[in-house]
Amino acid sequence: MAQEKRGWDRNQMAARAARELEDGFYVNLGIGIPTLVANHIPDGMDVTLQSENGMLGMGPFPYPGDEDPDLINAGKQTITTLDKSSFFDSATSFAMIRGGHIDLSILGAMEVAENGDIANWMIPGKMVKGMGGAMDLVAGVKRCIAVFDHTNKRGEPKFLKACTLPLTGQNCIDMVITDLGVFAREGAQRRFRLKEMAPDVTVDEIRSKTEADVVYE
Amino acid sequence: MSKKVYNNAHDALEGLTFDGMTVMSGGFGLCGIPENLIAALRDSGVKDITAISNNAGVDGFGLGLLLETRQIKKMMSSYVGENKEFERQYLAGELELEFNPQGTLAERIRAGGAGIPGFYTKTGVGTVIAEGKPHQEFDGETYIMETGLTSDLSIVKAWRGDTEGNLIFKATAKNFNPMMAMAGKVTVAEVDELCAPGGLDPNFIHVPGIFVQRIVEAKCEKRIEQLTTRERSA
């Protein structure tokens, strides 16, 4: 049954995630939709982006001809510095992350469970890539937001009662932003609550595409 | 002239390699990798290497060179997604692989170099990474024990170095290099620019020369993995 695509697109999801930023925040953005959040930082808001390969104060992509092979982000893309930038080694970088000094991590997910578990690094028997810094980020950063399409390519829910894939972290996701809506919880022992819906999306549609036990009123 | 200085990467590895050795190799992706020392390690013909490196290079470059020649027996990495030959060898059971979360890998190397045999971290609790590792509660939160890592040989890449082995890194090419220099029983550094003592400001040394036994000036290709630019606005 062909369905018209409703809800937010990738850029709108990133824009919604950007509304969680606060002045003075140090933020780590994952690869994919989370990277787009950088394009939606409100004017006048002071947000410092951390790149886990060893940089605070990540600047925009360079102009053609200005690329420096010694200056890349965690996605291995060429980037630039800002006046406030600093460089450091990987142990210091993860001291920031693990030590709770980063205010917010926005990352992609393959699955999120109603208890805040996240799986985003491995499909058994399929790909051999590795977790990179994802396990350290979800374990150490103060607040973690998962941004992902509400269902997979087969239309099956990705916001589940329990993750089926190998976990990246336990009970660590505070907010879920999908193409259909926003779900948040107040603390690690609380249930996720539907907070917002994308335009033209109904509660019934979200219910039918969500396996997690979510508070809807 | 300092006894630490060697004329080329091949000479700099002379007498240091043996089959079954553990080698740490600096870099993140292809950024800050010791290109010339990796090529020299390949040419040495040493076999059954356990390689500790955040990534595994790409096909035909970086540590990919040592995978092609089957000189690596085991990899300890956090992310190896850029290398098809790696995936092929691993799925065929020809290569051992130990995934470490990136921060855990960095801290294990830092700890090893600092004489710390083990430490506790919350990274990986409740995941496959925690399986078989001692768990301990601190202030009501669960942590797992990870062990420090050392190497028989660390090969690192720096921007500037002096003949005493003091090193300075550039931008994000620092990454794993400083900790690996500390964790090597022997550490060999390759640098873009080598100068005499006094050529570097001691206030801005990233790795003190005590951690570097051999140093060589060598030209790097510095391949870019993801060339990304923005439009110049008119």
For A/E156, look at atom CD and say whether over 12 heavy atoms of other residues, nucleotides or ligands are found less than 6.0 Å away.
-> yes

Can you see which heavy atom on A/P69 is nearest to which on B/C31, and at what distance?
-> O-SG, 3.5 Å

Which one of A/S86, A/P166, A/P60 has the most heavy-atom pairs closer than 4.5 Å to chain B?
-> A/P60

Closest non-hydrogen contact found for B/G126 with A/L167 is O-CD1, 3.7 Å

For B/P101 against A/M135, the heavy-atom pair lying closest together = CG-SD, 3.8 Å

Give the member of A/D68, A/I72, A/T80 that has the highest number of heavy-atom pairs under 4.5 Å with chain B.
-> A/I72

Tell me which donor-acceptor pairs under 3.5 Å the side chains of residues 136-148 of chain B have, and how far apart each pair is, sequence neighbours excluded?
residue, atom, partner, partner atom, Å
B/E146, OE1, B/K133, NZ, 3.3
B/E146, OE2, B/K133, NZ, 3.1
B/T147, OG1, B/R108, NH2, 2.9

Considering only heavy atoms, give the residues of residues 95-108 of chain A separated from chain B by less than 4.5 Å, sorted numerically, with 'none' for an empty result.
-> A/R98

Output the option from A/G75, A/A91, A/G132, A/G54 having the highest count of non-hydrogen pairs under 4.5 Å with chain B.
-> A/G132

Audit row: A/D89, B/F176, side chain to side chain contact (heavy atoms under 4.5 Å, CB included) steps and yes/no = CA-CA 6 Å; A/D89 64 60; B/F176 282 80; over 6 Å; no

If you count heavy-atom pairs under 4.5 Å with chain B, which of A/K76, A/M131, A/Q77 comes out on top?
-> A/K76

Should we say atom CD1 of B/I210 is surrounded by more than 12 heavy atoms from elsewhere, each under 6.0 Å from it?
-> no

Sequence neighbours excluded, which residues qualify as ring-ring contact (aromatic ring centres under 6.0 Å, His included) partners of A/F159?
-> A/F183, A/F192

Taking side chain as C-beta onward, heavy atoms only, is B/T104 less than 4.5 Å from A/D136?
-> yes

For A/A74, is it the side chain, the backbone, both or neither that has a heavy atom under 4.5 Å from a heavy atom of chain B?
-> both

Does B/T229 reach the side chain of A/Y63, with side-chain heavy atoms less than 4.5 Å apart?
-> no

Given B/K174, B/R223, B/K157, B/K170, the one that forms salt bridge (Lys or Arg N to Asp or Glu O under 4.0 Å) with A/D70 | B/K170

Shortest non-hydrogen pair, B/V128 vs A/W121, comes out as CG2-CZ2, 3.7 Å

Do A/K129 and B/V80 have side chains that get closer than 4.5 Å, going by heavy atoms?
-> no

Considering only heavy atoms, which portion of A/N73 lies under 4.5 Å from any heavy atom of chain B: side chain, backbone, both, or neither?
-> backbone

Indicate the atoms forming the closest heavy-atom contact of A/T168 with B/T127, along with that distance.
-> O-CG2, 3.6 Å

Give me the contact list for residues 169-179 of chain A versus chain B, heavy atoms only, anything under 4.5 Å, ordered by residue number.
-> A/G169, A/Q170

Under a 4.5 Å cut-off applied to non-hydrogen side-chain atoms, are A/F88 and B/H206 in contact?
-> no

Between B/N175 and A/S90, is any side-chain donor less than 3.5 angstrom from a side-chain acceptor?
-> no

